Amino acid sequence: MSRSFARIAFTPLVQQQQRKHGSRAQYERVEKTSSAGDALGEYETAFIAARDSFYLATVSETGWPYMQHRGGQAGFLHVLDDHTLAFAEYRGNRQYVSRGNLDHEDRVALFLMDYPSRTRLKILGHATAYEGEAAKPYLEQIVTPGDQKIAEGVIVIRVAAFDWNCPKYITPRYTEEQVVKVVAPLRQRLSDLEEENKRLREQLTETVKP
Ligand SMILES: Cc1cc2nc3c(=O)[nH]c(=O)nc-3n(C[C@H](O)[C@H](O)[C@H](O)COP(=O)(O)O)c2cc1C
């Protein structure tokens, strides 16, 4: 837990609950001794680059939290520098809920999961949506040339804080691609054994022929 994250997440009511349940002193120490924790380091950058999805929480003008899944090629959430993230907004269902919410409140939370390694990263930040000409300099950096999908704009996030959580209670899950890779030697072995079995059967039939 970094100082920056604690400063944002540990509101007076949260602190009140920590006091009530006896954890306040422990977290007060963390707030005093931990690192600032708002600049993305090498580890965070590599972790973000490997993600093919994340969850994005925004806040509506009526005060409701709103969570949406974002997905793309691994690395579609780009680290532009140690305080800045960006991803392209592609034309989708045209509900524009997250996009509309950003016009009211720029504070967002991102939740990134790596199920195989049971690792999760939470990021808090301020998001700005750029469209048209304003989006171009960002899109040139982050959109792969020849991409068939139409980028309507870009969301740029100024990181305010991040925090890693423990792996407890995360069930490891694997993508189809990861499963295919792990199972490939087994499939090969199965195929070799089937071939061998066929050959031996044929030999056996030859031997016992009347
Ligand atoms: C044709 C189509 C393509 C989509 N492609 C993506 C995509 O590549 N990545 C993604 O996160 N969401 C994709 N979506 C989902 C939507 O774009 C969704 O509108 C977007 O996540 C914004 O959601 P919100 O209005 O709830 O904030 C797609 C939806 C449709 C209908």
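Both counts, for ligands and for their atoms, begin at 1 and track the order of listing. Just so it is clear, the model here is predicted, and its values are computed rather than measured.
A cation-pi contact links R51 to F47, judged by a cut-off of 6.0 Å to the six-membered ring centre and 45° from its axis. Relative to the six-membered ring of Y90, K149 meets both conditions, a distance below 6.0 Å and an angle of at most 45° to the axis.
Not a single donor-acceptor pair under 3.5 Å links the side chain of E140 to the backbone N or O of P137. Between the Q178 side chain and the T175 main chain, a donor and an acceptor come within less than 3.5 Å of each other. Formation of a donor-acceptor pair under 3.5 Å by the T119 side chain with backbone atoms of S117 is found in this model.
Not a single heavy atom of G72 sits less than 4.0 Å from an atom of ligand 1. At least one heavy atom of Y66 sits under 4.0 Å from some atom of ligand 1.
Within the 4.0 angstrom cut-off, atom 31 (C) of ligand 1 has one or more protein heavy-atom neighbours. In this structure, atom 13 (C) of ligand 1 is not in close contact with the protein, since no protein heavy atom lies within 4.0 Å of it.
Scanning all protein heavy atoms for the shortest distance to atom 3 (C) of ligand 1 gives R91 O, 3.9 Å. The protein heavy atom nearest to atom 9 (N) of ligand 1 is G71 O, 2.8 Å. Looking only at protein heavy atoms, the nearest one to atom 19 (O) of ligand 1 is N93 OD1, 2.4 Å. Atom 5 (N) of ligand 1 has K149 NZ, 3.5 Å as its closest protein atom, hydrogens excluded (heavy atom only). The nearest protein atom to atom 23 (O) of ligand 1, hydrogens excluded, is given as Q68 NE2, 3.1 Å; this is a heavy-atom distance. Ranking protein heavy atoms by distance to atom 21 (O) of ligand 1, first place goes to R70 NE, 3.3 Å. Remark: minimum distance from atom 25 (O) of ligand 1 to any protein heavy atom is reached at V97 N, 2.8 Å. Counting only heavy atoms of the protein, atom 27 (O) of ligand 1 lies nearest to S98 OG, 2.5 Å.
Distances between N or O atoms of Q95 and those of ligand 1 include no value under 3.5 Å.
A 4.5 Å side-chain heavy-atom check between R107 and V59 finds every atom pair outside the cut-off. Contact check for F54 versus F76: side-chain heavy atoms found under the 4.5 Å cut-off.
For F162 and F5, the gap between ring centers reaches or exceeds 6.0 Å.
Relative orientation of the W164 and Y43 rings is tilted, given thresholds of 30° and 60° on the angle between their planes.
In the candidate list S53, G92, G100, G92 is nearest to atom 4 (C) of ligand 1, counting heavy atoms.
For H69, every heavy-atom contact with ligand 1 shorter than 4.0 Å involves the backbone, none the side chain.
Taking each heavy atom of M1 and A6 in turn, the nearest pair found is SD-N, 3.7 Å.
Remark: ligand 1 atoms within the under-4.0 Å shell around heavy atoms of Y96 are 25 (O).
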